[in-house]
Each structure stands twice: as C-alpha cells, then as structure tokens.
Number of protein chains: 2
Amino acid sequence: MNEISLIPDTCADCPIRHRAVCAKCESDELERLDAIKYYKSFKAGQAIIWSGDEMDFVASVVSGVATLTQTMEDGRTQMVGLLLPSDFIGRPGRPLASYDVTATTDLVMCCFRRKPFEDMLVETPHIGQRLLEMTLDELDAAREWMLLLGRKTAREKIASLLSIIMRRDASLMLKTGQGPLVFDLPLTREAMADYLGLTLETVSRQISALRRDGVIALEGKRRIIVPDFDLLLEETGDDADGGMLA
Amino acid sequence: MNEISLIPDTCADCPIRHRAVCAKCESDELERLDAIKYYKSFKAGQAIIWSGDEMDFVASVVSGVATLTQTMEDGRTQMVGLLLPSDFIGRPGRPLASYDVTATTDLVMCCFRRKPFEDMLVETPHIGQRLLEMTLDELDAAREWMLLLGRKTAREKIASLLSIIMRRDASLMLKTGQGPLVFDLPLTREAMADYLGLTLETVSRQISALRRDGVIALEGKRRIIVPDFDLLLEETGDDADGGMLA
DNA sequence: GGCGGGTCTTGATCTCGATCAATGACCAGA
DNA sequence: TCTGGTCATTGATCGAGATCAAGACCCGCC
C-alpha cells in the first residue's frame with residue numbers, strides 16, 4: 001500500500017534526473033534545490049489541485065501520470081495537458097492554479113516551494129534554460145494536439161493518442177519479442193474522450209473498430225497490443241515520417 | 001506602396017519595445033541586439049516561411065498579423081498560432097521551421113540572426129527570462145484554444161475568436177463614443193475557419209446568425225461593431241469573469 | 001464599362017459523432 | 001455468494017456542422 005519505496009533517496013537515484021527541470025543542474029545547484037523540495041504521493045483518481053487553488057509549490061512528476069483539465073460552467077471538460085514522468089507542474093510567478101490537476105495513476109511528485117524556486121530561476125540560469133526548453137516542447141505538443149482536435153476524425157484521434165502514449169513512455173514499454181508492442185493505457189475511456197474532444201461512447205466504438213480491423217488487440221480493457229506500429233501510424237493521418245518536428 | 005516608413009528608427013521608437021522579447025533588455029543589451037537585427041516587410045497574403053525551410057533567424061512581429069498553420073497530406077489545415085505585434089517567431093536551437101508562417105495583413109518583422117541570438121540567450125539572462133514568460137503565455141493561450149477546438153459549439157467558437165481579437169489588439173481599437181466597439185478582422189473567413197476547426201461556410205453562417213441576433217453588426221465584410229461587449233462574452237461559453245487565468 | 005478572380009453568403013442534403021438507453025464485465029466489500 | 005458500484009461496450013436515433021452547389025458582391029484591370 002505504501003508507495004514510499006518509489007521515492008528516490010538522492011537526486012542521483014532519481015529516475016527523471018536527466019530529463020526534468022533539474023536536468024542541467026550542477027551538484028551545488030542540486031543541493032540548493034534539495035533544500036526546498038519535498039515528495040508527495042497520490043493515489044490513482046485523486047485530485048492534486050483544483051483550478052483557482054492557491055499554489056505554494058511547483059513540481060515535477062517523478063512517476064505515474066497526471067492530467068491537466070479545463071471545465072466549462074455546464075460541465076463540458078477538455079484535457080489540456082497529459083503529464084508523464086519528468087513533466088513540470090505549475091507556473092513560476094503565478095500564485096493560483098489555472099487548471100485542475102488529477103492523478104490518473106498512482107503518482108509521485110517532487111515539489112519545490114514556489115518562492116525559493118522563483119529566486120533560483122533568476123539566480124541560476126540552468127534552471128531557467130531547461131524550463132524554457134521544456135516549455136517550448138510543450139508548446140509544440142500543444143500545437144500537434146490542436147491539429148488533432150480541430151481536423152482529425154475520431155478514428156485518427158484514437159490512433160494518434162495511442163501512438164503518442166506509446167512514444168512518450170517508450171522506455172517503460174513491454175516488448176514481446178520482435179514486432180508486437182504492448183503497453184497499458186494510463187487513462188479511462190472518459191479521460192481519453194476528454195483528451196480527444198470526443199464522447200466516451202465514440203472512444204469505445206473506435207477502439208472496437210481498430211480492434212476489428214486488426215490494427216490493435218486488447219488484453220483486458222487497458223492493455224493494448226500493437227502488432228504493426230507502421231499500420232497504427234497510417235491510421236493517425238500524420239505524414240509518413242511521423243509528422244514530427246524537424 | 002513602400003512600407004518603410006513603419007520601420008522604427010531606433011528601439012526607443014519601437015511600438016513593441018516594452019512587450020517583445022527585448023522588453024527586459026538594458027541599453028547595452030539592446031545595442032548588442034541591434035548589431036544582429038534587420039527589418040523585413042511582407043504584403044498581406046504573402047508566405048513568410050514554409051514548414052521544413054531552413055531558418056537562420058528568429059523574429060518579432062512589429063506590426064501586422066501573421067499565422068502559424070499545419071497542413072495534413074490531404075490538405076486539411078489547422079491554424080496553431082495567431083501572431084500579433086510583439087509576438088515571437090521561430091525557436092532558438094531549431095534550424096528548420098516546424099510550421100507554415102503567413103502574413104495575413106501587411107507586416108513588418110524585426111529579425112535576429114539565429115546563431116548570435118542563441119549566444120545572447122545564454123549570456124544575457126534578460127532575454128531568456130522574457131522569452132520564458134512569453135512562451136508560458138503562449139502555452140496558456142494554446143490551452144484555451146484547445147478547449148475551444150475540443151468542446152465549443154460553432155457559435156461559441158466565433159464569439160470567442162471575436163473577443164480574443166478584440167482583447168489582443170485593444171490598444172489599436174477604434175472606440176466610437178461610449179459603448180460600441182469597432183475593429184477590423186485581420187483574417188479571411190477561410191483563415192477564421194482554420195483557426196476554429198470549422199469550414200468557411202459554417203463561419204459565414206454563424207457570423208450571419210450573430211448579426212441577426214444583434215450580438216454584432218457588420219460594416220462591409222471585415223469591420224465588426226460590438227454594441228455590447230458583455231453580450232458577446234456571454235456567447236463565448238466562458239465563465240462570466242472571462243475564464244481568464246488567475 | 002465590362003470582364004475575371006477572389007471573397008463571401010445562402011440553400012439543400014448528407015454524415016459523423018453526440019445523445020439516450022440498455023447491458024455486460026469486473027471487483028471490493030458485506 | 002451475493003450486491004452495489006465503476007468502467008466499458010453496443011444499439012438506436014438525432015442533429016450540428018460538413019459537403020455540394022449556386023449566386024452575390026467587390027475591386028482591379030484591360
């Protein structure tokens with residue numbers, strides 16, 4: 001039950017050491033960060049922050065998956081961020097949260113008290129430089145996502161989401177021999193719908209359709225098997241070369 | 001015909017001096033920037049950059065409006081950025097353009113040669129700090145945009161776009177007496193459709209509907225008159241307080 | 001002053017995904 | 001073992017926006 005074993009003893013042991021906001025830090029900078037940081041764990045489904053909450057910290061996702069969502073007055077919900085290990089939560093200089101943040105799997109965060117973090121942002125350039133890189137990457141991802149939301153069909157949206165999740169946690173992915181790739185969806189059908197701008201029924205139908213057509217196979221509800229990754233890519237509507245950024 | 005008169009003589013005269021990437025620069029930093037900069041003008045409709053092009057500069061929009069768009073193989077197009085004066089074009093460290101950039105009005109850009117700009121980014125923290133702020137703002141805007149694309153109705157999308165354009169160039173806006181606000185759309189119906197993830201026919205129909213319902217009035221095709229801004233805001237689907245970021 | 005092309009509007013019809021509704025699968029707890 | 005709850009699937013029908021099509025408006029140009 002206790003997830004404390006997943007919390008790294010030192011930054012050197014940290015699974016996101018080389019990809020998170022601290023990636024460029026020297027050991028003296030890490031020591032300074034160490035003094036203002038603490039770990040926090042959440043269970044799958046638990047709310048981390050509500051939009052409008054006061055936020056006295058910023059954080060990195062150490063393990064697990066969280067989502068950023070916006071909700072309209074009448075309840076319509078859109079996911080606007082999918083946070084995987086090493087991703088950053090919060091905005092320096094902003095005291096109130098702008099989005100709802102929810103853990104969709106069990107999750108560990110490495111939190112930094114906001115004020116001292118902001119001071120370090122000014123004083124130690126490595127953190128600001130890394131945060132700029134990460135923010136530019138997120139902006140690129142947001143722009144791909146906008147193309148998906150505005151112009152892709154439901155089937156293309158599902159195929160795109162599957163390939164995005166596969167790519168983003170490629171390191172954690174289970175490989176079965178040569179070809180087929182296996183991974184677990186960290187999202188419910190409803191969360192997938194909120195990501196894609198669809199209803200959960202349409203998500204379910206399109207997953208069934210992709211299964212019928214042999215593009216994917218299922219093991220239980222959450223485990224996806226992709227026998228041929230190129231076949232999945234063709235269904236995304238992206239360019240053959242992945243439509244990825246040059 | 002010659003737009004050269006719109007090019008500022010010195011940075012002190014520059015209309016975007018206090019909002020662009022150079023906003024935090026001291027005079028010595030401005031001098032360094034000055035040595036690597038040049039102005040470039042474009043006519044309405046002209047392509048500035050194609051996705052995949054080599055880009056040996058980054059730039060600020062000085063005056064006019066440009067768009068960032070992505071196009072799928074079959075021609076489906078989605079706008080992913082609307083660049084108004086002071087907005088930044090290009091990504092430090094990236095030699096190839098990721099998006100098509102097009103001038104939708106006559107436009108002046110202040111370009112910086114990329115390599116020396118990247119050097120300054122490392123050496124003078126003010127530029128990197130400002131670029132980080134601007135990028136975080138763009139990311140917030142992209143997330144609002146995702147909510148619009150994924151969950152808003154066609155009518156809400158149009159109302160949202162109108163209020164976004166009004167807000168963003170509020171400074172340039174023509175005020176007629178007290179209440180009614182007047183502004184010119186810097187986009188064709190087709191560009192609006194690409195912004196909103198709609199067809200141009202639907203854009204046209206919804207604009208007509210908002211006109212019929214008295215939410216807006218038209219003067220020609222491009223000039224919009226808003227008799228009551230609150231009425232327009234109600235049509236956007238956003239929270240009463242603008243749904244804006246805390 | 002009429003012609004041609006770009007831009008915009010409006011109408012008729014179709015279709016994809018939403019909505020409404022029922023059922024199934026799975027699991028934790030009584 | 002049964003029960004209630006969450007999550008997912010599938011079917012029937014509806015409707016917002018896409019698509020196809022026809023004109024209107026506007027402006028520069030020969």
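Naming: A, B, ... by sequence-line order, numbering from 1 per chain.
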Can you tell me how far C1' of D/dG17 sits from CG of B/Leu196, to the nearest Å? 13 Å
Determine: side-chain N/O of A/Arg222 to OP1/OP2 of D/dC7, distance under 4.0 Å, yes or no. no
Geometric class of the A/Tyr195/A/Trp145 ring pair [parallel <30°, tilted 30-60°, perpendicular >60°]: parallel
Between C/dT23 (C1') and A/Lys221 (NZ): distance, integer Å: 12 Å
Scan A/Gly197 against the nucleic acid and name what it touches under 4.0 Å (heavy atoms): base, sugar-phosphate only, or nothing. sugar-phosphate
Does a distance-only test, which skips hydrogens and angles, find a donor-acceptor pair under 3.5 Å between the side chain of B/Arg205 and the base of D/dT19? yes
Classify B/Leu200 by what it touches in the nucleic acid, base, sugar-phosphate, or nothing, heavy-atom distance under 4.0 Å. base
Mind checking B/Thr199 for me? I need base, sugar-phosphate or nothing, with any heavy atom below 4.0 Å counting as a touch. base
Separation of D/dT9 atom P from A/Leu210 atom CG, nearest Å, is 12 Å
Give the rounded distance in Å between these two atoms: CZ of A/Arg211 and C1' of D/dT10. 11 Å
Want to settle it: does A/Glu201 or A/Ala154 sit nearer the 5' end of DNA chain C, counting the closest nucleotide to each? A/Ala154
For the residue pair A/Thr202 and A/Leu196, establish whether any side-chain heavy-atom pair is separated by less than 4.5 Å. no
Regarding C/dC16, can its base be found pairing with the side chain of A/Gln206 as donor and acceptor, where the two atoms are less than 3.5 Å apart? no
Is any side-chain N or O of A/Ser208 closer than 4.0 Å to OP1 or OP2 of D/dT10? yes
Whole angstrom value for the distance that separates P of C/dT19 from CG of A/Leu198: 11 Å
How close or far is atom P of C/dG17 from atom CZ of B/Arg151, stated in whole angstroms? 13 Å
Any donor-acceptor N/O pair under 3.5 Å between D/dG17 base and B/Arg155 side chain: no
Report the residue (B/Thr153 or A/Leu218) whose heavy-atom-nearest nucleotide on DNA chain D is the more 5′ of the two. A/Leu218
Does D/dG17 have OP1 or OP2 under 4.0 Å away from a side-chain N or O of B/Thr202? no
Hey, is CD on B/Glu190 packed in by over 12 heavy atoms from elsewhere, all under 6.0 Å? no
What residue among A/Lys157, A/Lys152, A/Arg155 forms salt bridge (charged side-chain N to carboxylate O under 4.0 Å, His left out) with A/Glu235? A/Arg155
Expressed as a whole number of angstroms, how long is the span from B/Leu148:CG to D/dG17:P? 12 Å
Only one of A/Val215, A/Ile216, A/Ile207 clears side chain to side chain contact (heavy atoms under 4.5 Å, CB included) with A/Ile158; which? A/Ile207
Given atom CZ of B/Arg76 and atom P of D/dA18, what is their separation to the nearest angstrom? 13 Å
